[in-house]
Structures are given as C-alpha cells and as structure tokens.
S.K.: 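My questions will all concern the structure given below.
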Amino acid sequence: MDIVYFIIKHTPYWAVPFGMISAEFSYIYWLKSFKKVSVTFFVFGVFCFISLLYYLIGGGPDAAVDNLIWFFHQI
C-alpha cells in the first residue's frame with residue numbers, strides 16, 4: 001500500500017509528462033488510422049488527467065494521501 005501512497009504523493013511528476021506524451025501519441029496514431037492504439041493512449045491520458053485533478057482537489061501531496069487513507073479506513 002505504501003507504493004500507492006508514494007504514487008499519489010508524487011502525481012505531478014509522472015502524470016503531466018505521461019499525459020502529454022500519451023496525448024501526442026494518441027493524436028499521431030489517430031491520424032494514421034490505428035484506432036485501437038489511439039484509444040489506448042487516450043484512455044491513459046484521461047487517467048493521468050483524473051489523477052492530477054484528484055491531486056489538485058485533494059489538497060496537494062500530504063492532504064491527498066491523508067484523504068486516501070481516510071477513504072480506505074471507511075471501507
């Protein structure tokens with residue numbers, strides 16, 4: 001579980017570059033008519049965007065992890 005907390009705490013360091021790279025590859029493969037590959041990159045880009053959005057709404061590195069810990073304790 002520590003790896004999940006680590007990933008959430010450092011979201012901007014992986015979500016921003018991976019999101020930009022996946023958006024670019026999604027567009028390139030869409031132009032080349034490789035729709036399945038394009039959709040795969042698009043879904044990964046959306047996942048990066050949602051992760052970054054949670055990070056920002058959650059309150060930054062420490063608050064986002066604390067919110068996640070609180071959520072898992074409620075289950």
Side-chain angles (χ1 to χ4, degrees):
M1 202 61 177
D2 289 336
I3 190 70
V4 173
Y5 300 147
F6 179 81
I7 289 171
I8 295 296
K9 192 170 190 172
H10 300 289
T11 296
Y13 298 108
W14 63 266
V16 173
F18 286 167
M20 292 173 65
I21 290 168
S22 65
E24 183 176 350
F25 277 115
S26 176
Y27 180 66
I28 289 171
Y29 283 113
W30 177 69
L31 288 177
K32 292 183 176 188
S33 298
F34 293 119
K35 302 298 183 192
K36 290 182 182 179
V37 177
S38 176
V39 168
T40 303
F41 279 115
F42 180 76
V43 167
F44 189 69
V46 169
F47 173 73
C48 290
F49 177 73
I50 291 171
S51 298
L52 191 58
L53 193 64
Y54 170 74
Y55 177 85
L56 293 174
I57 292 173
D62 295 327
V65 172
D66 290 340
N67 291 337
L68 191 65
I69 291 171
W70 177 83
F71 176 74
F72 283 136
H73 284 269
Q74 297 300 319
I75 295 179

S.K.: Using the side chain to side chain donor-acceptor pair (under 3.5 Å) criterion, which residues pair with D62? Sequence neighbours excluded.
M.R.: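 With sequence neighbours excluded, D62 shows a side chain to side chain donor-acceptor pair (under 3.5 Å) to K9, given in chain and number order.
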S.K.: State yes or no: do F71 and V65 share one hydrophobic cluster built from I, L, V, M, F, W and Y residues joined by side-chain heavy-atom distances below 4.5 Å, directly or via other members?
M.R.: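 Yes.
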S.K.: Which atom names give the shortest non-hydrogen contact between I8 and A64, and what distance separates them?
M.R.: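 I8 and A64 have their closest heavy atoms at CG2-CB, 3.9 Å.
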S.K.: For F18, I'd like to know if atom CZ has over 12 heavy atoms of other residues, nucleotides or ligands within 6.0 Å.
M.R.: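 At most 12 heavy atoms, drawn from other residues, nucleotides or ligands, come within 6.0 Å of this atom.
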S.K.: Identify the two heavy atoms, one from P12 and one from P17, that lie closest to each other, and give their separation to 0.1 Å.
M.R.: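 Reported closest heavy-atom pair: O-CD, 3.8 Å.
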S.K.: Output the distance between atom OH (Y55) and atom CG (L53), rounded to the nearest 0.5 Å.
M.R.: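 Result: 13.0 Å between the selected atoms.
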S.K.: Linking I/L/V/M/F/W/Y whenever any side-chain heavy atoms sit under 4.5 Å apart, do M1 and I3 land together?
M.R.: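 Yes; tracing contacts between hydrophobic side chains, which count when under 4.5 Å, links both residues.
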S.K.: Looking only at heavy atoms, what is the nearest atom pair of A63 and G58, with distance?
M.R.: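 What the structure gives for the nearest pair is CB-O, 3.2 Å.
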S.K.: Around atom CZ of F42, are there more than 12 heavy atoms from other residues, nucleotides or ligands closer than 6.0 Å?
M.R.: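 Counting other residues, nucleotides and ligands, CZ of F42 stays at 12 neighbours or fewer.
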S.K.: Show your reasoning for whether side chain to side chain contact (heavy atoms under 4.5 Å, CB included) applies to F41 and I28.
M.R.: CA-CA 10 Å; F41 279 115; I28 289 171; over 6 Å; no
S.K.: Looking at residues at least two apart in the chain, or sitting in another chain, which of them share a ring-ring contact (aromatic ring centres under 6.0 Å, His included) with F6?
M.R.: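 If we apply the ring-ring contact (aromatic ring centres under 6.0 Å, His included) test to F6, skipping adjacent residues, the hits are H10.
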S.K.: Do L31 and Y27 have side-chain heavy atoms sitting under 4.5 Å apart?
M.R.: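 They are in side-chain contact.
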S.K.: If Ile, Leu, Val, Met, Phe, Trp and Tyr residues are connected whenever their side-chain heavy atoms lie under 4.5 Å apart, and connections chain through other members, are V43 and V37 in the same group?
M.R.: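 No.
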S.K.: Between the main-chain N or O of I7 and the side-chain N or O of W14, is there a donor-acceptor pair closer than 3.5 Å?
M.R.: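 Side chain of W14 to backbone of I7, a donor-acceptor pair under 3.5 Å: yes, one is there.
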S.K.: Looking at CD1 of I21 and SG of C48, how far apart are the two atoms once the value is rounded to the nearest 0.5 Å?
M.R.: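 Separation between the atoms: 9.5 Å.
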S.K.: Are Y54 and L68 close enough that some pair of their side-chain heavy atoms sits under 4.5 Å apart?
M.R.: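 Yes, at least one pair of side-chain atoms sits under 4.5 Å.
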S.K.: Flag yes if more than 12 heavy atoms outside K35 fall under 6.0 Å of its NZ atom; otherwise flag no.
M.R.: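 Counting neighbours around NZ of K35, more than 12 heavy atoms of other residues, nucleotides or ligands fall under 6.0 Å, so yes.
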S.K.: Spell out, as yes or no, whether a donor-acceptor pair under 3.5 Å connects the side chain of S26 to the backbone of S38.
M.R.: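 Such a contact is found between S26 side chain and S38 backbone.
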S.K.: Please say yes or no: joined through hydrophobic side-chain contacts below 4.5 Å, possibly via intermediate residues, are Y5 and I57 part of one cluster?
M.R.: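 No; tracing contacts between hydrophobic side chains, which count when under 4.5 Å, never links both residues.
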S.K.: Could you give the distance from OG1 (T11) to CD1 (I50), rounded to the nearest 0.5 Å?
M.R.: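 T11 atom OG1 to I50 atom CD1 measures 12.5 Å (nearest 0.5 Å).
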S.K.: Rounded to the nearest 0.5 Å, how far does OG1 of T40 lie from OH of Y29?
M.R.: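 The OH atom of Y29 sits 11.0 Å away from the OG1 atom of T40.
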